[in-house]
Every structure is written in structure tokens, then in C-alpha cells.
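Each chain gets a letter, A, B and so on, in the order the sequences are listed, and its residues count up from 1. Computed from a prediction, not measured in an experiment: that's the story for all the values here.
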There are 2 protein chains.
Amino acid sequence: MMISTRGKYALRVMACLARMDQEKYIPLKEITESEEISQKYLEGIMGTLSKAGLVESAHGKGGGYRLSRPPEDYRIGEILRLTEGSLSPVSCLEGETRPCPNAARCSALPVWRKLDSLINNYLDGIYLSDLIDGSGGDNYVI
Amino acid sequence: MMISTRGKYALRVMACLARMDQEKYIPLKEITESEEISQKYLEGIMGTLSKAGLVESAHGKGGGYRLSRPPEDYRIGEILRLTEGSLSPVSCLEGETRPCPNAARCSALPVWRKLDSLINNYLDGIYLSDLIDGSGGDNYVI
DNA sequence: GAATTGCCTATTGACTGGGTAGGGAAAAGA
DNA sequence: TCTTTTCCCTACCCAGTCAATAGGCAATTC
């Protein structure tokens, strides 16, 4: 398994924000109540999203989070890579700055590389907006 | 990360066996010496491969393991699914007998399903024989 | 200055991954 | 029959990760 609840929660929050008024800041409390996600846990994930600029935040009353771009400008690959750290199917590809010492003679490496780009390209071809419009109104979860 | 050393070791052993005399039984000791894998750890993996019929085993002197089919008849997806337990990118797809309670209204589920079949189809399109012939003689590792 | 909200740093408990330890059972050869 | 070789089985260990919790600080609004 490659995508944990962390990434799935991130998608849910982003989809949730995408369904709401894009101007207003939405407090986390409001989201966790309807989505049944641990608020404290989600706070950590929001920190990641916020630091990377995927959402904007505001303190105090009337504060909360909102998307910083329109939903059709988020690739879900981007959201998942950020929150999961990596979407690589094998650890060999994770720190490609200092690769596996056997890389030069590894006959499986090309397979992992191809698989990796297959996964990333697929997830980069799907946009946040694809998760919210589509077939089913606004009673959708992730 | 979805494919751990367990699956990679399995591929290495299978590739190693594929490069040797298909009739003779090869003792694990011989493999772990050249591949630098913990013998005790590998024993557990071989048990899985043997029980599933991917390799045949023989006790005693002159014993060891050998492939039970020609290398071009093993899909690497088969080897990896067996040793890793599952290649699902998300836990939602792992026990599909009793699926996630939100499955019916999950807008991401179709995405996971598609991703899952993408991964499995790709790995099922590559055969053990593809890892050993190809470009580089027999000094290849995984 | 009180209330609201985001942020930051532990800490926990369960689980998993990789590996170790020790010994038992089967087969072959002397 | 006895020893050696090999596979097999069960249990254990240690480090790391995942999901969640706890507590409190900082910023903003009213």
C-alpha cells in the first residue's frame, strides 16, 4: 500500500474546500464535524498543505482555510506526493540523489522507473475538480 | 512504497534460479552467498514461493530449489502479489470481500480501482525472462 | 481582554518490516 | 545406522511508521 489515510484525508479536505465558497475561510472544526476526521490529526496535514501553498489560512474568528487556486488547477498527484512524501512504488526510487549502489547493474530498475512514471502520470491526469463534479452531487466522501 | 525488500528478494531469487540449470536443485546457501541476502530471512520467502508452487524444493544433499516452469511463464506481477500479499495502492482495495463502508459514495474509489488495474496490468505484462536476458549478461542483480 | 482559530512539539499504542535464533524433519551417502 | 546436508517451522526482537491524542502558544477579531 502506497497511499495511506494521510493522503486520503488530504484529498477529502481539499475536495471539501472545493465544494464550498472559494472566498470564505472555512474553519477546520466545520470540516472535521461533517467528515468525521480527527481534528488534531488533520491539523498536521493542513500544516503541510499550507506551507506548500496549496491552501491559504487565516487565524482568529472568521479564519480557517481556503483553496489558493480553482479546483481544476490541482492535480491529485501533486496533493498526494506532498502529503505522502513520495508515490514511488519502491524505496530505490525515493532518494534518487544518492541511489542504490546496485543501480547500474539492476535489471529491475527500468521496471520500477516505468511503473513510477505510470503511477505519477495517471494521478497527474486527474484534477481535484474531477472528484467533486462528475456523477453524484455533494454527498460524496473520499 | 508498495513493494518492499520481500518482493524484491523474491524476484532476485527467481531471476537467479532462472539463470541456472533448470533441472538441478540449487541450495539456498549458494544463492545467498552470491546475492548477499540473509539466508534465514530468505527461507521464509522461499516457503511462500514453494507452497504456492512457483518453485519446487528437495531436502537433503543435492537438494535445494528450482523453478517449476520456464522463466517466460512467470509474470512478475504474480511473484510480487504472492510475496507482498497485495499490490493495491490503497487499503480500501485490499479486502474487497468486506469493502469500506463509504464505498458507495466515495468519489475517489474509481480512481483507486483504475490505478490498481494499471499497476497490476503493467507488472503482469513483464515476465521473469525479461529480467534476465535483455542487455547485460549474467552479472545483473535486483 | 475574551473568544476563536491556526500552529507547534511531544507522546502514545498498535502495527509492520527486516532480521535472528533454535531446532525439527526429510533425504542422501558412507 | 549414523552423519551430513538441506528445507521447514515457530517464536522472538528491534527499529521505524501510522494514526491519533494532549497541551499549550500565537495571531486575529469582536
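- Using a 4.5 Å heavy-atom threshold, the side chains of B:D21 and B:I26 count as separate.
- Contact of the A:Y127 side chain with the A:R75 side chain is registered, since non-hydrogen atoms from C-beta on lie closer than 4.5 Å.
- Using a 4.0 Å cut-off, some side-chain N or O of B:S38 falls inside it from OP1 or OP2 of C:dT20.
- In this structure, A:S57 contributes its side chain and A:Y65 its backbone to no donor-acceptor pair below 3.5 Å.
- Residue A:L42 contributes atom CG, which lies 10 Å from atom P of C:dG6 at whole-angstrom precision.
- When rounded to the nearest whole Å, the span between OH of A:Y25 and P of C:dC7 equals 11 Å.
- The NZ atom of A:K40 sits 11 Å away from the C1' atom of C:dT9 (whole-angstrom rounding).
- Side chains of B:Q22 and B:L17 form no contact here, defined as non-hydrogen atoms less than 4.5 Å apart.
- In this entry the distance linking CD1 of A:I31 with P of C:dT5 reads 12 Å, nearest Å.
- Rounding to whole angstrom units, CG of residue A:L49 and P of C:dC8 are separated by 14 Å.
- In this structure, B:E84 atom CD and C:dT16 atom P are separated by 14 Å, rounded to whole Å.
- With hydrogens and angles ignored, no donor-acceptor pair under 3.5 angstrom links the side chain of B:K8 to the base of C:dG17.
- Every residue two or more places apart in sequence or in another chain that forms a side-chain contact (heavy atoms from CB on, under 4.5 Å) with B:S117 is listed here: B:N121.
- Using a cut-off of 4.0 Å between Lys/Arg side-chain N and Asp/Glu carboxylate O, B:R69 and B:E78 are scored as salt-bridged.
- Along DNA chain C, the nucleotide nearest A:E43 and the nucleotide nearest A:G60 are compared for position; the residue whose nucleotide lies closer to the 5' end is A:G60.
- Both B:L87 and B:L128 sit in one connected hydrophobic cluster of ILVMFWY residues. Membership requires side-chain heavy atoms under 4.5 Å apart, directly or through other members.
- In the set C:dA28, C:dT20, C:dA26, the nucleotide with an atom closest to the side chain of B:H59 is C:dA26.
- Rounded to an integer number of Å, the gap from B:E36 CD to C:dG18 P is 18 Å.
- Within 4.0 Å of B:G64, counting heavy atoms only, lie sugar-phosphate atoms of the nucleic acid but no base atom.
- Rounded to an integer number of Å, the gap from A:K61 NZ to C:dG1 C1' is 15 Å.
- Close approach of DNA chain D to chain B, defined as any atom under 4.0 Å from a non-hydrogen atom of the protein, starts and stops at D:dT5 to D:dC9.
- Within 4.0 Å (heavy atoms only), B:Y65 reaches sugar-phosphate atoms of the nucleic acid but no base atom.
- Taking 4.0 angstrom as the limit, B:Y9 places a side-chain polar atom (N or O) nearer than this to OP1 or OP2 of C:dG19.
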